[in-house]
Amino acid sequence: MLVSTLITTFGLASSAQAWGTLGHKTVANVALQFLAPNVVSSLDAILAADGHKTFPDPSIVDVAPWADDFDHQHDGSGDFSKEFHFIDAQDDPPFECNIDLNRDCSGPNGCVVKAIANYTQQLVSPNGDADDLADALKFVVHFLGDVTQPLHAESYKRGGNDISVKWDGHKKKLHGVWDTTMITELAGPDNQDSLDSWTNQIVTEINSGSYKDLVSEWISCTDINDAI
């Protein structure tokens, strides 16, 4: 029940379509607004027991960017997760846009779809190690944000990393613009005011605005077995 509720609320939060630090925090913060208090308490307890936490009493908002930092560890301990952030769709945009798990996630290193399935299963059936359980939750929170970024689900030009664009007169990579630059332009700098303001805007749109009629579609796929 806990995990299915978490997946459902992140389905709502995916409307944020954001994937830099502020974006990941916003996705998690939007989800937080739709979680029942007992679910929030359970998630907080998992994170409070994390032996690797860097500050006391973290929330899912605080840990949302964690996976990006983890896979850049200087000692290489996070290297195994580098390819968990995306899936390289071998389609033909803009003429054909689709994902085929057998075609696009058949390599030995996995992809974001299988990573979500794997770490969700670890939340459902924990092995008894508090740190492993916290890591699983942190990965799920992060990857449910990543998977909604279109360029994290595309192989063309390395997900836009090899496409140069001009933004405010400066040459940038399309992927980075989509991840962070557009978010800063839309929501502001990475601070609490921007987080609160953007969260409130999205929650309002979900509850009573332009996203309201889409909610049933967003939350229709919450079976953790669907990913595999």
So if I apply the side-chain contact (heavy atoms from CB on, under 4.5 Å) rule between W66 and each of T54, V141, D135, L137, which one comes out positive?
D135
Residues A28 and A64: closest non-hydrogen pair is CB-CB, 4.0 Å
I'd like to check C111 versus E83 (side-chain heavy atoms, cut-off strictly below 4.5 Å). Are they in contact?
no
So, for P58 and V63, which heavy atoms are closest and what is the spacing to 0.1 Å?
CB-CG1, 4.1 Å
Assess the side chains of Q149 and D179: does a donor N or O sit below 3.5 Å from an acceptor N or O?
yes
With the side chain counted from C-beta on, respond yes when L144 and F139 share a heavy-atom pair under 4.5 Å apart, and no when they do not.
no
Step through the shown structure and confirm whether more than 12 heavy atoms of other residues, nucleotides or ligands are within 6.0 Å of NZ on K82.
yes
With a 4.5 Å heavy-atom cut-off, do H24 and D146 have their side chains touching?
yes
Go through the steps to decide whether N38 and S41 satisfy the test side-chain hydrogen bond (donor to acceptor under 3.5 Å, both in side chains), and finish with yes or no.
CA-CA 5 Å; N38 65 308; S41 296; over 6 Å; no
Start with the C-alpha distance between K173 and D162, add both sets of side-chain angles, then the distance that settles salt bridge (charged side-chain N to carboxylate O under 4.0 Å, His left out), and finish with yes or no.
CA-CA 7 Å; K173 295 179 180 179; D162 292 339; over 6 Å; no
Are D131 and H52 side-chain neighbours, meaning at least one heavy-atom pair lies under 4.5 Å?
yes
Evaluate the side-chain proximity of D62 to S59: yes if any heavy-atom separation is below 4.5 Å, no if none is.
yes
Does the side chain of T180 come within less than 4.5 Å of L22's, by heavy atoms?
no
A side-chain contact here means heavy atoms from C-beta on lying under 4.5 Å apart; do V113 and L101 qualify?
yes
In the single-linkage hydrophobic clustering (I, L, V, M, F, W, Y; side-chain heavy atoms under 4.5 Å), do F86 and Y119 co-cluster?
no
Show the atom names and distances, to 0.1 Å, of all donor-acceptor pairs under 3.5 Å that link a side chain in residues 69-78 to residues at least two apart or in another chain.
residue: D71; atom: OD2; partner: H85; partner atom: NE2; Å: 2.7
residue: H72; atom: ND1; partner: D68; partner atom: O; Å: 2.8
residue: D75; atom: OD1; partner: S77; partner atom: N; Å: 2.9
residue: D75; atom: OD1; partner: S77; partner atom: OG; Å: 2.8

Please indicate whether K53 has more than 12 foreign heavy atoms, meaning atoms of other residues, nucleotides or ligands, lying under 6.0 Å from its NZ.
yes
F84 versus N109, closest heavy-atom pair with distance
CE2-O, 3.1 Å
Evaluate the side-chain proximity of H175 to R158: yes if any heavy-atom separation is below 4.5 Å, no if none is.
no
For residues 90-97, which side-chain N or O atoms pair as donor and acceptor with protein atoms under 3.5 Å away, sequence neighbours left out?
residue: Q90; atom: NE2; partner: D88; partner atom: O; Å: 3.2
residue: D91; atom: OD2; partner: N98; partner atom: N; Å: 3.0
residue: E96; atom: OE2; partner: N98; partner atom: ND2; Å: 3.0

Please report the shortest heavy-atom distance between T26 and W198, naming the atom on each side.
OG1-CE3, 3.4 Å
Are the side chain of T21 and the backbone N or O of P65 linked by a donor-acceptor pair below 3.5 Å?
no
Exactly one of D190, V61, N200 should register a side-chain contact (heavy atoms from CB on, under 4.5 Å) with L195. Which one does?
V61
Is there a donor-acceptor contact under 3.5 Å from the side chain of T148 to the main chain of G145?
yes
Tell me if a side-chain donor or acceptor on N29 pairs with a main-chain N or O of K25 at a distance below 3.5 Å.
no
